[in-house]
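All remarks here apply to the structure that follows.
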2 protein chains.
Amino acid sequence: MMKKINEIKIKSWISLIRTQQFLLEQVESDLKRAGLPTLAWYDVLLELTRVPDGRLRLNEIGTRILLEKSNLTRLIDRLEKDGLLEREVCDSDRRGAYAVITTKGRSLQKRMWPIYAIAIENHFASKLTLEEAEMFIGLLQKIDKTVPKERLMNL
Amino acid sequence: MMKKINEIKIKSWISLIRTQQFLLEQVESDLKRAGLPTLAWYDVLLELTRVPDGRLRLNEIGTRILLEKSNLTRLIDRLEKDGLLEREVCDSDRRGAYAVITTKGRSLQKRMWPIYAIAIENHFASKLTLEEAEMFIGLLQKIDKTVPKERLMNL
DNA sequence: ATTAAATAGTTGCAATTGCAACAATAACAC
DNA sequence: GTGTTATTGTTGCAATTGCAACTATTTAAT
């Protein structure tokens, strides 16, 4: 029943945790150094720019960026207070709310991207060949089926 | 100068972030469901059990588990309050402090491991073959040079 | 030795997270 | 329809994090 877990696999688990933590620190730190908000903000803005009207149900944002609903509520609060998006009531489902990105929000997203991209390049992408990156995606997809197989970045 | 970052690589970055966040949630949730403390606690306990006297400088713990010093201070506070370890003054460097694991601490670590191991197996290890796990480690090492090449788990 | 810099750890405070409870609305069972 | 259950989003509260300032001690420089 309880078969002994393989040591190599444990090592790969630990490496994963560690590496990811390490990378995230680097990247967040680069953003901060550039006077920009955190990745969480970027994630919300990006999801909104990806979608036709720049409008998404909070709900939907939550599942896309893997965030608890209560945390999402308050993340959206902060972005709204900063004028990066606006809440809008949802007519089809009156419990719900939309977040709609503003011009200011779009412009921040555009401003953040190059910094973010450079950080990804420096701390991550430059360490891998193209083939390795593809291999990496393949492995991650096996581990987490929710990793998108096709969807691409815009910008 | 600013060469365009490759799209595949970006995709692999995003997959990494997402997968890791997802996995960590699963595992933390399993621990919680079993009435056990978080991974952060486990990490400290594990580092302490790995080492001869069950004694480490806070300092040292901090670099091993990638934690800010102020957060470490308070994490150690909590473990100490729970009787899992004790602080001890350091004679050779009087600024410093040791954390020394207690019997209770060791026993908690032993109690947590099986649950943690099962979680790793279910959410991660079972999705990879041995060869894939090895490939995975290889890639992670390229990305983060601080990933240990040799060190093994005890237990 | 004396001063200047670096390091170890702690503390205060503001920001963020996680959890449980809650209100409003929607979906379902009969 | 009516009552039950599920879902959406918000709120209060406690726990955790990140940051900057601070103390004490060590290291290095002259």
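Just so we're clear, the structure is a prediction, and the values are computed from it rather than from any experiment. Chain naming here is simple, since letters A, B, ... match the order of the sequence lines and numbering starts at 1 in each.
Of the side-chain N and O atoms in A:N71, none sit less than 4.0 angstrom from OP1 or OP2 of C:dT17. For B:R74, no side-chain nitrogen or oxygen approaches OP1 or OP2 of D:dT16 to under 4.0 Å. A sub-4.0 Å separation between OP1 or OP2 of C:dA8 and a side-chain N or O of B:N59 is present. The side chain of B:R57 places an N or O atom within less than 4.0 Å of a non-bridging phosphate oxygen (OP1 or OP2) of C:dG9.
The nucleotide whose nearest atom lies closest to any side-chain atom of B:K69 is, among D:dC19, C:dT10, D:dT8, C:dT10. The side chain of A:T73 lies closest to D:dT10, out of D:dT25, D:dG18, D:dT10.
What separates CD of A:Q21 from C1' of D:dG18 is a distance of 14 Å, to the nearest Å. For B:L58 and D:dA24, the CG to C1' distance is 15 Å, given to the nearest whole Å. Rounded to an integer number of Å, the gap from CZ of A:R95 to P of D:dT5 is 17 Å. In this structure, A:L31 atom CG and D:dG18 atom C1' are separated by 15 Å, rounded to whole Å. To the nearest angstrom, C1' of D:dG18 lies 15 Å from CG of B:L66. Between A:R78 atom CZ and C:dA14 atom P the separation is 16 Å, expressed in whole Å. Between the CG atom of A:L67 and the C1' atom of D:dT10 there is a distance of 15 Å, rounded to whole Å. When the C1' atom of C:dG9 is taken as reference, atom CD1 of B:I76 falls 11 Å away, rounded to whole Å.
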Checking B:W13 against A:L23 for the side chain to side chain contact (heavy atoms under 4.5 Å, CB included) test, could you report, in this order, the C-alpha distance in whole Å, the side-chain angles of both residues, the deciding distance, and whether it holds? CA-CA 10 Å; B:W13 165 261; A:L23 288 175; 3.9 Å; yes

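With sequence neighbours excluded, no residue satisfies side-chain hydrogen bond (donor to acceptor under 3.5 Å, both in side chains) with A:E25.
Using a cutoff of 4.0 Å between basic side-chain nitrogens and carboxylate oxygens, A:D144 and B:K127 are not scored as salt-bridged. A salt bridge is absent between B:D43 and B:R64: the closest approach of a Lys/Arg side-chain nitrogen to an acidic carboxylate oxygen does not fall below 4.0 angstrom. A salt bridge between B:K32 and B:E28 is absent, with no side-chain N of the basic residue lying under 4.0 Å from a carboxylate O of the acidic one.
Not a single donor-acceptor contact under 3.5 angstrom links the side-chain atoms of A:R94 to the base of C:dT25.
Checking A:S92 against B:A97, the closest nucleotide of DNA chain C that is more toward the 5' end is the one next to B:A97.
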